[in-house]
Amino acid sequence: MPVAKSLTRQQSVFHAHRLENGLQMIGQSIPGVQSTASIFWVLTGTRDESPETIGVSHFLEHMAFRRTQHRTGQEVDRAFEEMGAENNAATSKEMTFYWARVLAQEAPNAIELLAELTHPALTEEDFEQERPVILEEIARYEDQPSHVLTDLFFHDYFGNHPLAWEVLGTKDTISSLTIDQMRQYWIHRYGATNVLFSIAGVFDWDAVVRQVGSLTANWNVGNGNRQLFPPAFSPRMRVHRRDKFFGEQVAIGVPSVSARDERYWAAALLASILGDDTGSRLYWALYQEGLAEFATANLLSYEDCGSLLVHISAQPDTARTALEVARKELQRIQDFDVEQEELDRAKAKLTSSVIIGGESTNERVFGLINSWLTRGQLETLEETREKIDAVRLEDMRVLVEELPVAPVQATSAVGPMAAEDLET
Amino acid sequence: MEPSNTFLSETLHSGVEVVGQPMPGVESAALGILIGTGVRDEGDRPPGISRFSEQMMFRGTESLDARALSEQFDMLGIDYDSSSGIESTLFSAVLLGARLPRAADLMADVIRHPSFPEEALENVRVLLLQERRQREDKPIQRVFDFLRRHFFENSPLGRDVLGTEDSLEEINRGDLVQYWHERYTADNVAISVAGKFDWLPLLKQLDRLTSSWNRGAGRSGFTTLPPIASVHCIEKDTAQEHLGMAFPGVKIGDPRYYAASVLAQALGGGTNSRLHQEVREKRGLAYSAAARFDALQETGLFRLYVGTSAERAHESVEVVMHELAKLESAGISEEELRLARTKLRSALVMRSESTYARMSANLRSWWFEHRLYDLDEVKARIDAVTVEQVLDLAGDLGMTNNLTVVALGPRSKNELFGDSVSAPA
């Protein structure tokens with residue numbers, strides 16, 4: 001039985017609008033779905049903090065669920081439950097978002113509540129109630145070696161640059177943070193010009209524009225400028241010994257493209273060839289050989305800089321060999337022995353995940369933000385596919401000439417091994 | 001537009017059962033192949049053989065070596081995976097619907113004609129041993145491993161999917177081939193597809209691909225033993241005290257299944273749940289405090305997790321015990337019932353937008369209940385749950401009397417529990 005012909009989820013309509021207060025709105029109507037995902041995306045994160053307030057962005061995000069201008073924390077939780085929402089909020093080095101996915105008829109309620117979350121009450125009492133929860137969250141990650149590695153790697157790699165700081169903050173910064181510091185931070189960072197609203201699924205765009213316009217009418221316009229300065233790359237090997245861990249975690253990082261760079265897709269495809277989780281070079285050389293139980297490469301792209309990060313997790317008896325082999329693989333990429341077939345496979349994987357991901361309202365709502373922030377426009381899945389398909393081997397060869405992946409690298413390791421046992 | 005409620009099903013000549021659900025408007029298709037074998041079916045074979053075999057399947061077939069296989073999958077842009085669990089093993093793929101026939105060919109090759117090459121066997125052995133050792137660094141996962149082991153103490157359901165160091169060392173090619181031959185049989189498999197596909201050509205293709213598939217002993221029956229309440233403490237130098245608890249649930253197909261889902265939702269299903277509110281929001285004792293319910297073929301279990309500071313771990317235990325006792329004696333309110341129903345209904349509809357989620361839901365219900373449910377029927381079942389049913393269920397399960405507790409962290413058993421948990425020594 002053939003599937004009935006109808007509009008597919010890929011055939012969708014884009015919307016964009018800028019409110020008078022400077023808040024930007026983008027949207028994509030998707031036929032054939034029942035859910036609507038929406039987000040308030042605030043262009044602020046750890047890199048916008050100061051050394052004394054590291055972790056304030058993330059702590060602030062938690063405060064939204066303690067009390068808004070109109071609701072207690074429990075009322076917020078209950079309201080989401082009433083809508084049957086999937087919802088969450090998250091903070092990273094460059095952004096903080098408040099997200100919900102609901103059945104379409106609940107979308108106006110979700111939008112109203114999300115808008116409220118960006119304006120928490122920030123009372124001292126709530127602040128003190130939440131502080132221990134943040135400290136527990138920090139402790140939770142201390143028990144996870146891969147998170148410990150990531151935090152250490154960022155410190156080693158970015159040095160004095162704010163991108164080095166932990167999103168959660170440290171026990172010290174969280175213990176000494178004050179509500180006044182948080183309020184100041186909120187005033188500086190949560191103005192309307194620094195916020196992007198995105199929606200994907202089933203909705204009436206004009207009604208959404210009217211609703212968000214009225215919800216945000218009295219918001220401060222604010223000044224969203226982020227201080228940008230390039231990090232200095234300090235290629236060294238640093239081994240952090242932690243006897244309480246059984247396995248050794250190793251990260252190798254080299255500079256790569258920013259999220260806005262024209263070479264972004266070439267870099268993403270290169271990362272895939274080197275180390276995605278099936279069929280990549282690291283997969284064959286490390287995972288399939290039993291040298292590491294985990295070996296991947298990922299592109300970390302920020303507004304003004306980026307890094308290609310190789311992450312290896314191995315037992316002490318194979319870690320040294322695993323690191324050697326990973327370095328050899330990076331050198332092979334630098335010597336550029338990449339073949340057309342490898343590029344074709346990487347493209348097939350990436351384009352297919354773009355198209356299939358596009359069927360989900362969640363993936364689309366984040367995809368819209370990404371394309372708006374990095375390329376200043378909304379791209380159809382087909383346009384994205386074309387950009388990926390347009391990458392040639394030659395583009396990748398030039399890329400590694402301009403941004404070498406070997407032999408100069410920054411390496412961080414954490415685990416039971418001493419530097420001399422890991423160093424090659 | 002409602003997701004299609006058209007269900008298709010067919011038994012192939014080999015006896016293999018296939019179910020399908022077309023989804024208008026999508027470009028993707030999800031394919032799942034369930035083999036009715038898991039750690040509980042290992043019997044006298046070396047522990048861990050189920051997982052070991054599954055891991056070997058992608059390491060080469062009679063006509064393609066591991067690398068060629070991987071390259072062919074990648075060229076199709078497939079997101080593919082395999083996993084072996086307690087009572088089933090699943091091979092799955094999500095890809096553009098137009099490429100489904102090629103994916104079906106490849107998957108059939110993997111499952112029907114694996115070559116179990118010797119050199120790959122040594123690599124898989126090393127990887128599985130590494131994975132076992134690496135668990136030492138994953139306290140949350142370890143708590144859940146211990147919890148299942150102790151909760152199902154005398155049952156094969158409690159066996160470790162990864163086997164033991166000794167069994168991983170000893171498993172040889174002969175063991176694997178024999179296990180595959182006995183367990184991967186046409187009368188112990190079901191196939192599910194959802195999304196964009198052409199049903200009749202697909203059936204024809206699957207019929208051809210499975211035509212020579214041998215039959216075996218068929219699906220294995222299973223009886224379970226009642227769990228035994230116990231308390232276990234693993235002292236370890238972690239930053240948090242990781243607490244896990246389990247108590248009995250209901251099995252798949254039990255009429256009280258949705259009452260159990262409501263109970264889990266109210267207890268620890270989200271930010272509005274009792275655990276989240278009492279442990280995290282009111283007292284700041286933890287970042288994570290949650291509960292979930294999983295049904296198996298002949299039994300089910302609720303599991304709770306709280307990650308808390310060592311200094312306040314005892315208080316966390318008391319709060320959780322208090323909430324369990326309250327739930328057991330007084331059940332939930334009408335308001336909690338209403339919210340849980342809303343949440344479960346909405347989650348159901350939203351999940352149904354994904355081809356993978358439809359495929360796997362259909363596969364499970366076909367395999368375990370031999371029927372498929374459309375969304376309206378599931379919604380009606382959720383709506384039929386009453387507070388009385390939830391209270392009765394909580395009483396029947398004997399939540400506090402049948403509690404298995406595992407703690408991993410710096411605190412001793414006495415420091416943690418004192419007399420909050422009374423269990424047979």
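No experiment lies behind these values; they were computed from the predicted model shown. Quick note on labels: first sequence line is chain A, next is B, and so on, each numbered from 1.
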* How far apart are the closest heavy atoms of Q315(A) and R133(B), and which atoms are they? -> OE1-CB, 3.5 Å

* No-hydrogen, no-angle side-chain donor-acceptor test under 3.5 Å, Q129(A) and R283(B) -> no

* Asked: Does a donor on one side chain and an acceptor on the other come within less than 3.5 Å for H276(B) and D77(A)?
  -> no

* Asked: So which part of F65(A) gets closer than 4.5 Å to some heavy atom of chain B, the side chain, the backbone, both or neither?
  -> backbone

* To do: First locate atom OG1 of T271(B), then atom CD of Q74(A), and finally report the distance between them rounded to the nearest 0.5 Å.
  => 9.5 Å

* Would you mind telling me which of A120(B), G307(B), P139(B) has the largest number of heavy-atom pairs within less than 4.5 Å of chain A? => P139(B)

* Once you round to the nearest 0.5 Å, how far does OG1 of T278(A) lie from OH of Y80(B)? -> 5.0 Å

* To do: Consider only side-chain N and O atoms of S313(A) and Q134(B), and report whether a donor and an acceptor are under 3.5 Å apart.
  => yes

* Distance from D317(A) atom CG to Q130(B) atom CD, nearest 0.5 Å? -> 7.0 Å

* Asked: Do the charged groups of R280(B) and E136(A) touch, with an N to O distance under 4.0 Å?
  -> no

* Salt-bridged, D237(B) to K244(A), with N to O below 4.0 Å? -> no

* Asked: Could you state the interatomic distance from OG (S352(A)) to CG (D74(B)), rounded to the nearest 0.5 Å?
  -> 10.5 Å

* Side chain, backbone, both or neither of E342(A) within contact of chain B (heavy atoms, under 4.5 Å) -> neither

* Drop me the distance from Q265(B)'s CD to E81(A)'s CD, to the nearest 0.5 angstrom. => 5.0 Å

* Non-hydrogen atoms of chain B under 4.5 Å away: do they reach the side chain of T351(A), the backbone, both or neither? -> neither

* To do: Give, as side chain, backbone, both or neither, the part of L135(A) having an atom under 4.5 angstrom from any heavy atom of chain B.
  => neither

* Asked: When rounded to the nearest 0.5 angstrom, what distance separates CE in M75(B) from NZ in K349(A)?
  -> 11.0 Å

* Structure fact -> For I356(A) and S28(B) the tightest heavy-atom approach is CG1-CB, 3.8 Å

* For residues E353(B) and S35(A), is any side-chain donor paired with an opposing acceptor at under 3.5 Å? -> yes

